[in-house]
Amino acid sequence: MRIATFNVNGVNGRLPVLLRWLEETRPDAVCLQELKAPDAKFPAAALEKAGYGAVWHGQSRWNGVAILARGAEPVETRRCLPGKPDAQSRYIEAAVNGLLIGCLYLPNGNPAPGPKYAYKLDWFAQLQAHAADLLAQKLPVVLAGDFNVMPTDLDVYKPERWRDDALFRPEVREAYAQLLAQGWTDAIHKRHPKERIYTFWDYLRDAWTRDAGLRLDHLLLSPKLKRRLTGAGVDREIRGWEKASDHAPAWITLKD
DNA sequence: ATGCCGGGAGTATCCCGA
């Protein structure tokens, strides 16, 4: 089973790229972020035609998350983190093929410090609480999405330039480390512990051709799924396509 | 310190992203 996460940066503007990538790689489940579309404008018919059922949580202009399942309808279990309702569409969760999949788009948080950074840390704390609850239920869970965190120096093309950024400040790296310490496995790190692997290259400053990348998109596995992990990677070449997102899809494979 | 690019809304140019 192949599960991928892809920050599409506009699901409608990215539709040709998304459909081509789905056809070429045929993931069984996909987490999408940054739909940048209200619920009514989600391209459900085109995805259905491509063989994918979907659940989505949109928002006009910004944010927006969705879960796709090949040849199946995801069964939505929640569309925001527990607690107070979030005005921003950043979380959706669904059962797919015997797994629970949480799809998240963690706030960017810049500029830091400031209210956006405080919102990010608060959102991260709510995610930690929900993640702990999921682990306590001992279900097979994948938490996948754009975490907007580079976990370590290995995940940044030039760490010294990013020390004070909301994606790399000590508090957010610590929050990510605390999440892993609950018992989650960072699948890409697990399979490639010493490699520089990026999932994002800025549109600015020719970042793609310079390979000035960041690893921001992660797939975390609950203990039951850790034992089933057979592969993990990034579909880098998609970043070089015409009309590409600034993120490339990251994926894992699980044995049955 | 800022623009550099690009999507969306909307039709000029702003807001946002990371």
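Small disclaimer: the values here were computed from a predicted structure and weren't measured. Note on naming: letters A, B, ... go to the chains in the order of the sequence lines (proteins, then strands), and numbering restarts at 1 for each one. Note that these values count all heavy atoms, side chains included, but never hydrogens, waters or copies made by symmetry.
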Roughly, in whole Å, what's the span from CG in A:L167 to P in B:dC16? 17 Å

Taking atom NE2 of A:H57 and atom CD of A:E93, what is their separation to the nearest 0.5 Å? 13.5 Å

Decide whether a cation-pi geometry holds between A:R173 and A:F168; the criteria are a distance under 6.0 Å from NZ or CZ to the six-membered ring centre and an angle within 45° of the ring axis. yes

Rounded to the Å, how far apart are A:F147 CZ and B:dG17 C1'? 19 Å

Nucleotide of B:dA9, B:dG7, B:dG17 approaching A:E34 most closely (side-chain heavy atoms): B:dG17

Please list, in numerical order, the residues of residues 148-161 of chain A that have a heavy atom closer than 4.0 Å to any atom of DNA chain B. A:N148

Test item: A:V141 and A:L139 side chains (from C-beta on) under 4.5 Å apart, heavy atoms: yes

Between CZ of A:R239 and C1' of B:dG6 the distance, given in whole Å, is 10 Å

Does A:K116 reach a base, just sugar-phosphate, or nothing at all? Heavy atoms under 4.0 Å. sugar-phosphate

Atom CH2 of A:W208 to atom P of B:dC5: distance rounded to whole Å? 19 Å

Can you check the distance between B:dG10 and B:dC5, where both ends of the measurement are the P atom (answer in whole Å)? 25 Å

Give the nucleotide from the list B:dG17, B:dG8, B:dC4 with an atom nearest to the side chain of A:R205. B:dC4

Interatomic distance at C1', B:dC14 relative to B:dG3, whole Å: 16 Å

A:R14 or A:Q88, whichever maps to the more 5' nucleotide of DNA chain B: A:R14

Counting distance only, does the side-chain N/O of A:N63 pair as donor-acceptor with the main-chain N or O of A:R90 below 3.5 Å? no

Using whole Å, what does the distance between atom C1' of nucleotide B:dG17 and atom NE2 of A:H247 come to? 8 Å

Under the side chain to side chain contact (heavy atoms under 4.5 Å, CB included) test, which residues partner A:R196, sequence neighbours left out? A:L154, A:Y198

Between B:dG17, B:dG7, B:dA9, spot the one nearest the side chain of A:R90, thanks. B:dG17

Parallel under 30°, tilted from 30 to 60°, perpendicular over 60°: which one fits the rings of A:W208 and A:W201? perpendicular

Using whole Å, report how far CG of A:D206 lies from C1' of B:dG3. 15 Å

Check every strand shown and say whether A:Y105 touches a base, only sugar-phosphate, or nothing at a heavy-atom separation below 4.0 Å. sugar-phosphate

Can you check the distance between B:dA1 and B:dG6, where both ends of the measurement are the P atom (answer in whole Å)? 25 Å

Taking atom C1' of B:dC16 as reference, at what distance in whole Å does atom OH of A:Y117 sit? 20 Å

Rounding to an integer number of Å, can you tell me how far A:Q59 CD sits from B:dG7 C1'? 14 Å

Return the 5'-most residue of the pair A:D246, A:K36 with respect to DNA chain B, ranking by each residue's nearest nucleotide. A:K36

Please measure how far the P atom in B:dT2 lies from the corresponding atom in B:dC16, and state the result in whole Å. 16 Å

Could you report the tightest heavy-atom contact between A:W184 and A:L179, atom names first, then the distance? CD1-O, 3.1 Å

With sugar-phosphate meaning primed atoms plus P, OP1 and OP2, does A:N7 contact a base, only sugar-phosphate, or nothing at under 4.0 Å between heavy atoms? sugar-phosphate

What does A:N9 touch in the nucleic acid at a heavy-atom separation under 4.0 angstrom: a base, only the sugar-phosphate, or nothing? sugar-phosphate

Select base, sugar-phosphate, or nothing to describe what A:L204 touches, counting heavy atoms under 4.0 Å on all strands. base

Considering only the P atoms, how many Å lie between B:dC4 and B:dT13, rounded to the nearest integer? 15 Å

Judged by atom type as modelled, is there a donor-acceptor pair below 3.5 Å linking the side chain of A:K224 to the main-chain atoms of A:K138? yes

